[in-house]
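Everything below concerns the one structure shown next.
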Amino acid sequence: MGQRLQGIEEFVAAVEAGSFALAAQRLHVTRSAVAKSIGRLEARLNTRLFLRTTRSQSLTEEGHGYYERCRRVLAELEAAEAMADAARSTASGLVRLSMPAMLGRLKVGPLLLALARRHPQLSLELSFNDRRVDLVEEGLDLAIRSGELADTDELVARPVGTQWMALCAAPAYLAERGHPRGVAELVAPHEAVFYARDGQVSTWRFHAGEGGLADMVEVTLPSRLRCDSAEVLLEAAIGGMGLARLPAWLAADALAAGTLVRVFDEPRPFGFALNVIRSRSRYLPLKTRVVIDWLVEHLPPLLAAR
């Protein structure tokens with residue numbers, strides 16, 4: 001039975017990832033290992049599963065039919081493993097998780113280290129970056145995302161808090177440029193430091209009233225600094241380079257020390273929802289559920305500052 005299952009995981013991963021190289025990343029093996037496993041599978045079945053060229057690969061008719069059956073077999077195996085896993089009282093195994101860089105280093109990472117100490121058989125592989133990751137292609141169990149989520153049936157999301165945003169500036173900057181008292185006064189001669197990623201600048205959003213998106217105001221200002229590091233933006237704001245729209249939890253220490261001040265109070269704070277997402281599956285392994293539940297319980301209080 002074991003020999004009959006050899007190569008199936010690599011085959012299904014190659015189909016779903018779209019290439020042997022991406023399947024190798026997902027399975028954490030080399031591309032040649034994936035190719036050899038699928039080659040041995042084809043030899044054992046005495047059929048071609050893929051049509052390969054130097055630039056692309058596609059399933060044969062036999063490959064399509066075989067994939068559908070293999071996918072169902074793996075799903076049943078996953079369900080059986082999950083049921084056995086649920087019978088255990090201790091979380092064990094590896095959980096791979098991606099998260100925003102600054103939030104991860106300062107808030108999520110320490111939380112997960114505390115969780116790992118409580119579960120000696122739990123292993124963690126953590127990635128700190130601000131790009132949008134593909135869970136399937138990169139072999140991830142979970143990812144934490146900020147902001148609106150795409151409308152898809154392939155992912156399951158659970159809220160883990162809100163990143164409330166604060167408009168901050170150094171006292172010296174306000175003494176020099178003047179102190180805006182509301183959104184309408186966010187005009188020249190004021191300038192800003194902006195978060196930007198992949199050439200896209202994140203404009204500032206404010207609630208202008210008690211309604212929904214129709215009452216949202218977006219603000220842009222001249223800027224001498226645009227970067228994808230919230231930590232650098234914080235230091236730039238403290239240094240007087242401009243107004244900054246920062247997560248309140250990140251600015252909290254500087255606000256308490258007086259190196260930054262809130263520019264004005266917002267009657268209705270604006271924030272970005274945080275969610276932990278996973279690929280949709282029938283059963284959720286205990287190791288993954290433990291991580292999700294821990295974040296749901298412990299992360300929101302760390303982001304409560306408004």
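In this chain, residues are counted from 1 in sequence order.
- At a threshold of 4.5 Å between non-hydrogen side-chain atoms, the residues Tyr66 and Leu41 count as touching.
- Side chains of Arg145 and Leu274 form no contact here, defined as non-hydrogen atoms less than 4.5 Å apart.
- From Leu49, atom CG reaches atom OG of Ser58 across 11.5 Å, with rounding to the nearest 0.5 Å.
- What you find for Ala192 and Leu221 is that their closest heavy atoms are CB-CB, 4.0 Å.
- Minimum interatomic distance between Val193 and Gly242 (heavy atoms only, all atoms of both residues): CG1-N, 4.5 Å.
- Sorted by first and then second residue, the ring pair (Phe, Tyr, Trp, His ring centres under 6.0 Å) pairs involving residues 156-180 (not counting sequence neighbours) are Tyr173-His190.
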Legend entry - Derivation of the salt bridge (charged side-chain N to carboxylate O under 4.0 Å, His left out) call for Asp141 and Lys287: CA-CA 10 Å; Asp141 299 291; Lys287 61 179 182 178; 5.0 Å; no
Inset, instruction - Would you check, one step at a time, whether the test side-chain contact (heavy atoms from CB on, under 4.5 Å) holds for Leu126 with Val108? - result: CA-CA 10 Å; Leu126 309 180; Val108 181; over 6 Å; no
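- For the atom pair Phe272 CZ and Gln163 CD, the distance stands at 8.5 Å (nearest 0.5 Å).
- A cation-pi geometry, defined here as NZ or CZ lying under 6.0 Å from the six-membered ring centre and within 45° of its normal, holds between Arg245 and Phe206.
- At least one side-chain heavy atom of Pro247 sits under 4.5 Å from a side-chain heavy atom of Met165.
- Atoms CD1 and CD, on Ile292 and Glu297 in that order, are 14.0 Å from each other to the nearest 0.5 Å.
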Legend entry - salt bridge (charged side-chain N to carboxylate O under 4.0 Å, His left out) assessment of Glu191 paired with Arg177: CA-CA 9 Å; Glu191 60 181 318; Arg177 301 291 184 97; 2.7 Å; yes
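- Once rounded to the nearest 0.5 Å, the distance linking CG of Leu299 with CE of Met99 reads 10.0 Å.
- The two residues Ala14 and Ile38 come nearest to each other via the heavy atoms CB-CD1, 3.8 Å.
- By the 4.5 Å heavy-atom criterion applied to side chains, Leu115 and Leu124 are not counted as neighbours.
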Give every donor-acceptor pair under 3.5 Å between a side-chain atom in residues 226-237 and any protein atom, sequence neighbours left out.
from   : atom 1 : to     : atom 2 : distance (Å)
Ser229 : OG     : Glu231 : N      : 3.4
Ser229 : OG     : Val232 : N      : 3.1

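- Linking ILVMFWY residues whenever their side-chain heavy atoms come closer than 4.5 Å, directly or via other members, places Phe264 and Val219 in the same cluster.
- Between Leu111 and Leu302, some side-chain heavy-atom pair lies under the 4.5 Å cut-off.
- Residues Phe50 and Leu22 are members of separate hydrophobic clusters, defined by side-chain heavy-atom contacts under 4.5 angstrom among Ile, Leu, Val, Met, Phe, Trp and Tyr.
- Residues Ala17 and Ala23 approach most closely at CB-N, 3.7 Å, considering heavy atoms.
- When all heavy atoms are compared, the tightest approach of Gly63 to Phe11 is O-CZ, 3.7 Å.
- For CD of Glu218, the number of neighbouring non-hydrogen atoms (other residues, nucleotides, ligands) closer than 6.0 Å is greater than 12.
- Linking ILVMFWY residues whenever their side-chain heavy atoms come closer than 4.5 Å, directly or via other members, places Val296 and Leu97 in the same cluster.
- Residues Val187 and Leu174 are members of separate hydrophobic clusters, defined by side-chain heavy-atom contacts under 4.5 angstrom among Ile, Leu, Val, Met, Phe, Trp and Tyr.
- Between Arg131 and Glu138, at least one side-chain nitrogen of the basic residue sits less than 4.0 Å from a carboxylate oxygen of the acidic one, meeting the salt-bridge criterion.
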Legend entry - Step-by-step side-chain contact (heavy atoms from CB on, under 4.5 Å) determination, Leu142 to Ile277: CA-CA 6 Å; Leu142 300 169; Ile277 64 169; over 6 Å; no
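- Connection of Val73 to Tyr67 is established within a shared hydrophobic cluster, with ILVMFWY side chains joined at heavy-atom distances below 4.5 Å, either directly or through further cluster members.
- Put simply, the side chain of Tyr195 does not reach to within 4.5 Å of the side chain of Thr203, judged on heavy atoms.
- For the pair Arg224/Met241, a side-chain contact is recorded, criterion being any heavy-atom separation below 4.5 Å from C-beta on.
- The distance from the CZ atom of Arg197 to the CG atom of Asn129 is 9.0 Å, given to the nearest 0.5 Å.
- No donor-acceptor distance shorter than 3.5 angstrom exists from the side chain of Ser98 to the backbone of Ala143, with no hydrogens or angles considered.
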Inset, instruction - Could you walk me through whether Val217 and Arg205 pass the side-chain contact (heavy atoms from CB on, under 4.5 Å) test, one step at a time? - result: CA-CA 6 Å; Val217 174; Arg205 289 191 244 173; over 6 Å; no
Inset, instruction - Dump the intermediate steps for side-chain contact (heavy atoms from CB on, under 4.5 Å) on Leu106 and Trp249, then the final yes or no. - result: CA-CA 10 Å; Leu106 296 183; Trp249 62 263; 3.8 Å; yes
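- Scanning for ring-ring contact (aromatic ring centres under 6.0 Å, His included) contacts around Trp204 gives Phe194, with sequence neighbours left out.
- Side chain of Arg69 to backbone of Gly65: a donor-acceptor contact under 3.5 angstrom is found.
- No side-chain heavy atom of Cys168 sits under 4.5 Å from any side-chain heavy atom of Val261.
- Distance check: Glu125 CD to Arg96 CZ gives 5.0 Å after rounding to the nearest 0.5 Å.
- Between Pro267 and Asp265, the closest heavy-atom pair is CD-O, 3.7 Å.
- In this structure, the side chain of Thr259 engages the main chain of Ala254 through a donor-acceptor pair within 3.5 Å.
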